[in-house]
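Shown next, in structure tokens, is the structure this report addresses.
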Amino acid sequence: DQEIRVQNAHAAYINAEENLAIVTSQADSDVNDAELAVEFARQDLRKYEEGQYPKDVNEVQKRITLAIEELKRAHETLEWSNRLFEERYISETERAADEISVKRKQLEVDLAEADLRLLEDFTYPRQVRQLQSDLQQAISALDRARRKADADKRQAQVDLTAKEAEYTRQQAKLQKILDQLTKTRIPAPCDGLVV
């Protein structure tokens with residue numbers, strides 16, 4: 001029975017050693033993943049603030065500039081149309097088409113300016129706040145991963161120490177039993193009958 005207990009304790013000890021290696025590897029991997037998430041969150045925030053947002057503002061400003069230039073051309077065309085209409089060189093329909101073109105170009109300018117205000121007043125602050133929150137969440141997750149990794153490693157180490165102690169105890173007990181077995185035999189000093 002004691003030999004079986006020793007074998008079981010040895011198996012548990014080996015299992016605890018392997019578990020410690022697995023837990024350590026998994027914990028290190030979890031911490032690395034969390035560190036990577038923090039790094040990516042920082043890069044995303046920097047990318048938006050220094051890359052995407054300026055690019056978006058630049059695109060909208062280009063649209064505004066282009067729309068203003070087209071509006072100026074449409075006004076000039078309308079002025080010429082009004083002169084030609086007064087001199088009866090073009091019809092009322094052609095002049096009305098140029099008026100509609102001016103209104104359309106003015107709407108494009110207004111829309112582009114509204115897009116810029118929307119980007120600056122709402123989209124940018126919201127996106128920055130979201131990315132900052134993502135970064136903070138990633139930092140918190142990294143802290144949790146580190147704490148959990150330390151706790152898991154300590155728990156596995158404690159378990160290994162306990163299994164090792166139990167294995168040693170069971171071996172000592174087996175050795176004691178074996179020693180006692182050798183002492184149960186008393187050799188007679190000479191041949192004969194024991195009474």
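Residue numbers count from 1 along this sequence.
When every heavy atom of Ala149 is checked against every heavy atom of Val31, the shortest pair comes out as CB-CG2, 3.8 Å. Smallest separation of non-hydrogen atoms from Ser101 and Ala74: OG-CB, 4.1 Å. Of all heavy-atom pairs spanning Glu49 and Pro54, the tightest one is O-CD, 3.4 Å. Contact record, Ala145 with Ala34: CB-CB, 3.9 Å, taken as the closest heavy-atom pair.
In this structure, CD on Gln130 lies 4.5 Å from CG on Asp134, to the nearest 0.5 angstrom. Here Leu160 contributes atom CG and Asn15 contributes atom CG; the two are 10.5 Å apart, rounded to the nearest 0.5 Å. In this structure, CD on Gln2 lies 11.0 Å from NZ on Lys176, to the nearest 0.5 angstrom. Rounded to the nearest 0.5 Å, atoms CD (Glu120) and CG (Asp56) are 11.5 Å apart. In this structure, CG in Leu45 is found 13.0 Å from CD in Gln52, a value given to the nearest 0.5 Å. Distance check: Thr168 OG1 to Lys173 NZ gives 14.5 Å after rounding to the nearest 0.5 Å.
No side-chain heavy atom of Tyr53 sits under 4.5 Å from any side-chain heavy atom of Thr123. The shortest side-chain heavy-atom distance between Leu116 and Ile64 falls under the 4.5 Å cut-off. Side-chain contact check for Thr24 versus Leu20: some heavy-atom pair is nearer than 4.5 Å. Looking at heavy atoms from C-beta onward, Leu36 lies in side-chain contact with Glu39 at the 4.5 angstrom threshold. Contact annotation: the side chain of Val23 never approaches that of Arg154 to less than 4.5 Å [non-hydrogen atoms, C-beta and beyond]. For the pair Arg129 and Arg126, the minimum side-chain heavy-atom distance is 4.5 Å or more. In this structure the side chain of Arg146 reaches within 4.5 angstrom of the side chain of Glu35, judged on heavy atoms.
Under a cut-off of 6.0 angstrom, the local environment of CD in Glu3 is sparse, with at most 12 non-hydrogen atoms contributed by other residues, nucleotides or ligands. Shown here is Lys105, whose NZ atom has more than 12 heavy atoms of other residues, nucleotides or ligands within 6.0 Å. Atom CG of Asn58 has more than 12 heavy atoms from other residues, nucleotides or ligands within 6.0 Å.
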Legend entry - Chi angles and distances behind the salt bridge (Lys or Arg N to Asp or Glu O under 4.0 Å) call for Glu108, Arg104: CA-CA 6 Å; Glu108 288 177 11; Arg104 181 178 292 125; 5.6 Å; no
Inset, instruction - Evaluate the side chain to side chain donor-acceptor pair (under 3.5 Å) criterion for residues Asp110 and Gln106: first the C-alpha distance (whole Å), next the side-chain angles of each, then the deciding distance (0.1 Å), finally the verdict. - result: CA-CA 6 Å; Asp110 294 344; Gln106 183 61 52; 3.0 Å; yes
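The one candidate from Lys55, Lys62, Arg63 that meets the salt bridge (charged side-chain N to carboxylate O under 4.0 Å, His left out) condition with Glu59 is Lys55.
Residues passing the side chain to side chain contact (heavy atoms under 4.5 Å, CB included) test with Ser140 are Gln136, Arg144, sequence neighbours excluded. With sequence neighbours left out, Arg117 forms a salt bridge (Lys or Arg N to Asp or Glu O under 4.0 Å) with no residue at all. With sequence neighbours excluded, no residue forms a salt bridge (Lys or Arg N to Asp or Glu O under 4.0 Å) with Glu18. Every side chain to side chain contact (heavy atoms under 4.5 Å, CB included) that Lys72 has, sequence neighbours left out, goes to Ile68, Glu69. Residues that satisfy the side chain to side chain contact (heavy atoms under 4.5 Å, CB included) test with Lys47, not counting sequence neighbours, are absent from this structure.
Between Glu166 and Arg169 there is a salt bridge, since a side-chain N of the basic residue sits under 4.0 Å from a carboxylate O of the acidic one.
Both Val57 and Val109 are members of a single hydrophobic cluster when ILVMFWY side chains are connected at heavy-atom separations under 4.5 Å. Grouping the Ile, Leu, Val, Met, Phe, Trp and Tyr side chains by contacts below 4.5 angstrom, directly or via other members, places Val128 with Ile139.
Evaluation of the salt bridge (charged side-chain N to carboxylate O under 4.0 Å, His left out) test over residues 25-34, restricted to residues two or more places apart or in two chains, returns Asp28-Lys153.
Listed for the Ser25 side chain is no donor-acceptor partner under 3.5 Å among the backbone atoms of Ile22.
Between Tyr124 and Tyr48, the ring planes are parallel. Angles under 30° get that label, and only those over 60° would be called perpendicular.
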